[in-house]
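Data first, discussion second: the structure below is written as structure tokens.
So you know, we letter chains A, B, ... as the sequences are listed, proteins then strands, and number each from 1.
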Amino acid sequence: MRLATWNVNSIRSRIARVEDFLTRHDVDVLALQETKAREDQLPLLGLESMGYEVAAAGVNQWNGVAVISRVGIADVEVGFPGMPGWGDPLVQESRAIGVTCGGVRVWSLYVPNGRKPDDPHYVYKLDWLARLRDAATSWRDVPTALVGDWNIAPTDDDVFDIAQFARSTHVTPAERAAFRAFLDDGWADVVRPHAPGPNVYTYWDYYRQRFERNRGMRIDFVLGSPPLAERVTHAWIDTDERAGTGASDHAPVVVDVDL
DNA sequence: ATGGTCGCTGGGCGA
């Protein structure tokens, strides 16, 4: 099974690129973040005619997650148990969707950005991660993938210049500890062994020609439960997808699983 | 410290 995750930064503005990506890499399951679309807008995009089913959660112009699959979609769950923020106007909702595809439980996650270390959203981000970790402990014994935009650069090698992040989110000790806690629990970064750093990124800001100069961040990850991780045969970051006009600011991450 | 570029929308806001 070929599984991919991609912060697409609006699926409607990039549907042609999504279709090309699926075809180019023969993708079975694609988890999307920042779809920036309502649930009812996704069936209009025609992915069904390519043989894919779609499950989406989105309520406004920000965020929004989805999974599209040609190996089935079952047990759709919007939000994980204990996910904080529902109904809170401070929070942009629809950040997580869980589905079962071809025997694998896939969670498409858009971890809260945090905005600034002194912003209430930063506290929310840490709380969100702690509650996700709690929920995820019950998923470790079955093939499960926690995929998406984690909005955390786990090490200094995962940003182009750590000095430029002195007062920024994504690199604070608390965020890094929150990410590391998943690894401590047995979740594995299944891409890093196949795409070691430094200077290997998944996101580049649109401005200042960050991509052209490879000044990016590695913030998109596929974490596998032990039963899944041991079956990963290959993985890569589709950096080419980030090139050219009309690209998302994130590159897709692709994982092959021998099921 | 600000601004640079996108994508939502139809004036800013979030990233």
Side-chain angles (χ1 to χ4, degrees), chain A residues 5-21 31-42 44-45 56-66 84-86 88-96 108-129 147-154 158-172 175 178-179 201-221 237-253:
Chain A
T5 180
W6 189 10
N7 181 324
V8 71
N9 188 17
S10 169
I11 189 173
R12 286 175 295 158
S13 72
R14 241 172 293 289
I15 186 60
R17 274 184 177 262
V18 171
E19 293 173 354
D20 287 349
F21 170 75
L32 294 163
Q33 302 85 38
E34 289 206 67
T35 52
K36 297 187 177 179
R38 297 186 312 269
E39 299 169 42
D40 58 292
Q41 293 174 314
L42 271 78
L44 306 175
L45 298 177
V59 295
N60 57 30
Q61 68 267 48
W62 296 290
N63 309 321
V65 288
W86 293 106
D88 185 342
L90 179 76
V91 172
Q92 303 301 334
E93 295 173 308
S94 295
R95 298 176 174 276
S108 181
L109 306 169
Y110 182 69
V111 175
N113 174 285
R115 300 187 184 177
K116 300 286 182 191
D118 60 356
D119 191 292
H121 284 85
Y122 176 81
V123 178
Y124 171 65
K125 178 181 194 174
L126 296 176
D127 184 37
W128 199 94
L129 286 161
V147 313
D149 181 353
W150 289 73
N151 273 318
I152 298 170
D158 299 322
V159 297
F160 66 87
D161 179 7
I162 190 62
Q164 296 210 13
F165 293 83
R167 282 168 296 278
S168 303
T169 57
H170 295 58
V171 300
T172 65
E175 289 165 282
F179 185 86
Y201 308 123
T202 65
Y203 162 82
W204 301 258
D205 254 328
Y206 279 125
Y207 36 78
R208 290 186 169 180
Q209 295 183 307
R210 286 274 173 82
F211 178 72
E212 288 75 7
R213 298 184 295 151
N214 194 30
R215 294 169 77 75
M217 307 172 73
R218 187 196 279 237
I219 56 177
D220 299 86
F221 298 99
I237 300 161
D238 184 13
T239 308
D240 291 344
E241 174 54 46
R242 178 62 180 80
T245 55
S248 168
D249 44 1
H250 293 250
V253 179

Rounded to whole angstroms, how far apart are [atom1] on [X] and [atom2] on [N]?
{"X": "L32(A)", "N": "dG7(B)", "atom1": "CG", "atom2": "P", "result": "16 Å"}
{"X": "R115(A)", "N": "dA15(B)", "atom1": "CZ", "atom2": "C1'", "result": "9 Å"}
{"X": "E34(A)", "N": "dC8(B)", "atom1": "CD", "atom2": "P", "result": "11 Å"}
{"X": "R14(A)", "N": "dG7(B)", "atom1": "CZ", "atom2": "C1'", "result": "8 Å"}
{"X": "N113(A)", "N": "dC8(B)", "atom1": "CG", "atom2": "C1'", "result": "16 Å"}
{"X": "N9(A)", "N": "dA15(B)", "atom1": "CG", "atom2": "C1'", "result": "8 Å"}
{"X": "N63(A)", "N": "dA15(B)", "atom1": "CG", "atom2": "C1'", "result": "10 Å"}
{"X": "Q41(A)", "N": "dC8(B)", "atom1": "CD", "atom2": "P", "result": "9 Å"}

May I ask you to test the V159(A)-Y201(A) pair for a side-chain heavy-atom distance under 4.5 Å? no
For N63(A) and R95(A) the tightest heavy-atom approach is ND2-NH2, 3.6 Å
Determine the contact category for [X]: base if any of its heavy atoms lies under 4.0 Å from a base atom, sugar-phosphate if only primed atoms, P, OP1 or OP2 are that close, otherwise nothing.
{"X": "R167(A)", "result": "nothing"}
{"X": "R210(A)", "result": "nothing"}
{"X": "Y203(A)", "result": "nothing"}

Hits for side chain to side chain contact (heavy atoms under 4.5 Å, CB included) against D249(A), two or more places apart or cross-chain, chain-then-number order -> N9(A), Y203(A), Y206(A), R242(A)
Across all chains, not counting sequence neighbours, the side chain to side chain contact (heavy atoms under 4.5 Å, CB included) partners of D240(A) are D238(A)
Per side-chain hydrogen bond (donor to acceptor under 3.5 Å, both in side chains), Q33(A) is matched among T5(A), N7(A), D149(A), D220(A) by T5(A)
Regarding the side chain of Y206(A), the nearest nucleotide among dT5(B), dA15(B), dG14(B) is dT5(B)
Of the candidates dG7(B), dA15(B), dC8(B), the side chain of Y207(A) sits closest to dA15(B)
The answer to which of N7(A) and R12(A) contacts DNA chain B further toward the 5' end, by nearest nucleotide, is R12(A)
The residue, D249(A) or S13(A), whose nearest nucleotide of DNA chain B is more 5′ is S13(A)
Check your understanding: C1' atom, dA15(B) versus dG4(B): distance in rounded Å?
Key -> 13 Å
- Message: Taking only the P atom of each, what is the distance from dG12(B) to dA1(B) in whole angstrom?
- Response: 25 Å
